[in-house]
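Scope of the values below: all heavy atoms of this structure, side chains included, with no hydrogens, waters or symmetry mates. Starting from 1, each residue takes its place in the sequence as its number.
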Amino acid sequence: MPLTSPPFAPGTLRALQALAVRSHEDLRRIGAVKTFLLLKAGGLTATRSILWQLAAACRGILPAELNEADKQALLAEMAAHPPVDIFPPEQEMAGFMRQALIQAELAAAANEVPVGAVVVKEGRIIAAAHNLCASSHNISQHAEIRALAQAGAALQNYRLDGCDIYITLEPCIMCSGALLQARLRRVIFGAAEPKTGAAGSIADVFSDRHLNAHTAVLGGVLAEECRTLLQQFFQHRRGK
């Protein structure tokens with residue numbers, strides 16, 4: 001069943017459609033709280049009444065039928081929710097991830113674990129780096145850390161507000177902490193890392209509300225290409 005106006009105001013309905021939330025089924029799939037946060041991320045002045053409307057639509061009831069306990073539960077869920085954001089179009093993200101893959105290939109050519117990263121601000125790459133731990137004898141020289149250092153130098157600010165980072169592999173705990181401290185807007189990664197990944201695999205640093213919760217995360221961009229490069233590297237190393 002499509003969402004309609006009423007109960008949603010025309011402006012809210014247009015904002016929902018821009019998020020591809022056009023039906024009650026779409027809304028239930030995403031959830032009322034996440035949809036509300038996405039509306040805010042998209043620039044809509046979203047008041048609590050809109051949250052009540054979204055929750056009621058999910059349940060197939062009128063907003064007036066929500067009781068105080070329902071509303072408090074929604075507010076608690078919102079307070080605990082991981083950061084969300086509206087991510088760039090898939091084609092744009094794939095283009096930047098391919099630049100990160102070029103960096104990963106440079107790492108492989110230097111016999112480093114093939115992970116690459118690029119930092120993007122306002123649609124332009126301001127930093128690009130790859131793993132350099134083996135040759136530098138320095139565990140901190142992960143692609144993400146090196147890219148953050150370059151971006152900080154380029155902007156003359158260690159806080160990278162409004163910047164995105166594209167990484168070919170899910171970041172580890174060390175790098176996830178650095179990414180949070182840099183206050184990046186969005187982290188986009190390719191392949192998941194089931195053994196050490198700290199963006200949802202063994203831990204989810206970015207959703208921990210005890211930390212600076214302001215960085216949204218998206219994984220799986222060109223995941224197969226990123227994973228294949230890593231697999232080929234380790235197969236070649238084992239063959240040697």
Side-chain angles (χ1 to χ4, degrees), residues 83 85-136 138-172 174-193 196-201 205-206 214-237:
D85 207 330
I86 297 170
F87 285 83
E90 288 185 14
Q91 186 174 358
E92 180 180 330
M93 290 192 292
F96 286 126
M97 189 61 75
R98 288 194 177 92
Q99 294 302 309
L101 273 165
I102 290 172
Q103 290 295 314
E105 289 165 355
L106 291 173
N111 204 30
E112 299 275 355
V113 176
V115 179
V118 297
V119 177
V120 176
K121 184 174 179 64
E122 297 174 353
R124 182 175 63 89
I125 292 175
I126 62 170
H130 56 75
N131 272 14
L132 208 60
C133 298
S135 60
S136 68
N138 185 341
I139 193 59
S140 71
Q141 294 301 288
H142 281 199
E144 301 94 310
I145 304 293
R146 298 184 65 231
L148 292 179
Q150 287 184 27
L155 298 178
Q156 291 293 286
N157 194 336
Y158 72 92
R159 287 189 172 179
L160 305 180
D161 294 310
C163 292
D164 299 334
I165 190 167
Y166 290 78
I167 317 161
T168 57
L169 184 66
E170 180 183 356
C172 66
M174 174 182 72
C175 292
S176 295
L179 295 169
L180 279 177
Q181 292 296 323
R183 297 183 180 271
L184 289 152
R185 177 181 177 185
R186 295 175 293 211
V187 170
I188 301 103
F189 67 86
E193 173 45 278
T196 61
S201 289
V205 172
F206 298 93
H214 45 242
T215 301
V217 180
L218 177 69
V221 177
L222 299 188
E224 191 58 35
E225 293 180 41
C226 296
R227 187 180 303 111
T228 297
L229 181 60
L230 283 157
Q231 289 172 342
Q232 290 174 343
F233 174 81
F234 287 112
Q235 285 169 2
H236 178 69
R237 176 177 281 185

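Listed here is the closest heavy atom pair of Ala151 and Val119: CB-CG1, 3.9 Å. In this structure, Ile165 and Ala147 approach most closely via the heavy-atom pair CD1-CB, 4.4 Å. In terms of heavy-atom proximity, Cys226 sits nearest to Ala191 at CB-N, 3.9 Å. Between Cys163 and Leu155, the shortest heavy-atom distance links the atoms SG-CD1, 3.8 Å.
In this structure, the side-chain contact (heavy atoms from CB on, under 4.5 Å) partners of Ala199, at least two apart in sequence or on a different chain, are Glu170, Pro171, Phe189, Phe206, Val217. With sequence neighbours excluded, the residues that form a salt bridge (charged side-chain N to carboxylate O under 4.0 Å, His left out) with Arg186 are Asp164. Residues satisfying the side-chain contact (heavy atoms from CB on, under 4.5 Å) criterion with Ser136, sequence neighbours excluded, are Asn138, Gln141. Annotation: salt bridge (charged side-chain N to carboxylate O under 4.0 Å, His left out) contacts of Arg227 (sequence neighbours excluded): Glu224.
The closest donor-acceptor contact from the side chain of Glu144 to the backbone of Ser176 lies at 3.5 Å or more, if one exists at all. For Asp85 (side chain) and Phe87 (main-chain N/O), no donor-acceptor pair under 3.5 Å exists by modelled atom type. The backbone N or O of Leu184 lies less than 3.5 Å from a partner atom in the side chain of Thr215, making a donor-acceptor pair.
Looking only at side-chain heavy atoms (C-beta outward), Tyr158 and Leu148 stay at 4.5 Å or farther from each other.
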Which donor-acceptor pairs under 3.5 Å do the side chains of residues 90-104 make with protein atoms, sequence neighbours left out?
none

Let me have the donor-acceptor pairs involving side chains of residues 120-131, under 3.5 Å, with sequence neighbours excluded, atom names and distances please.
unit_1, atom_1, unit_2, atom_2, d
Lys121, NZ, Asp161, O, 3.2
Asn131, OD1, Ala143, N, 2.8
Asn131, ND2, Val113, O, 3.4

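Of the inter-residue distances, the one linking Arg185 atom CZ with His214 atom NE2 reads 13.0 Å to the nearest 0.5 angstrom. Between Leu222 atom CG and Ile188 atom CD1 the span is 11.5 Å, to the nearest 0.5 Å.
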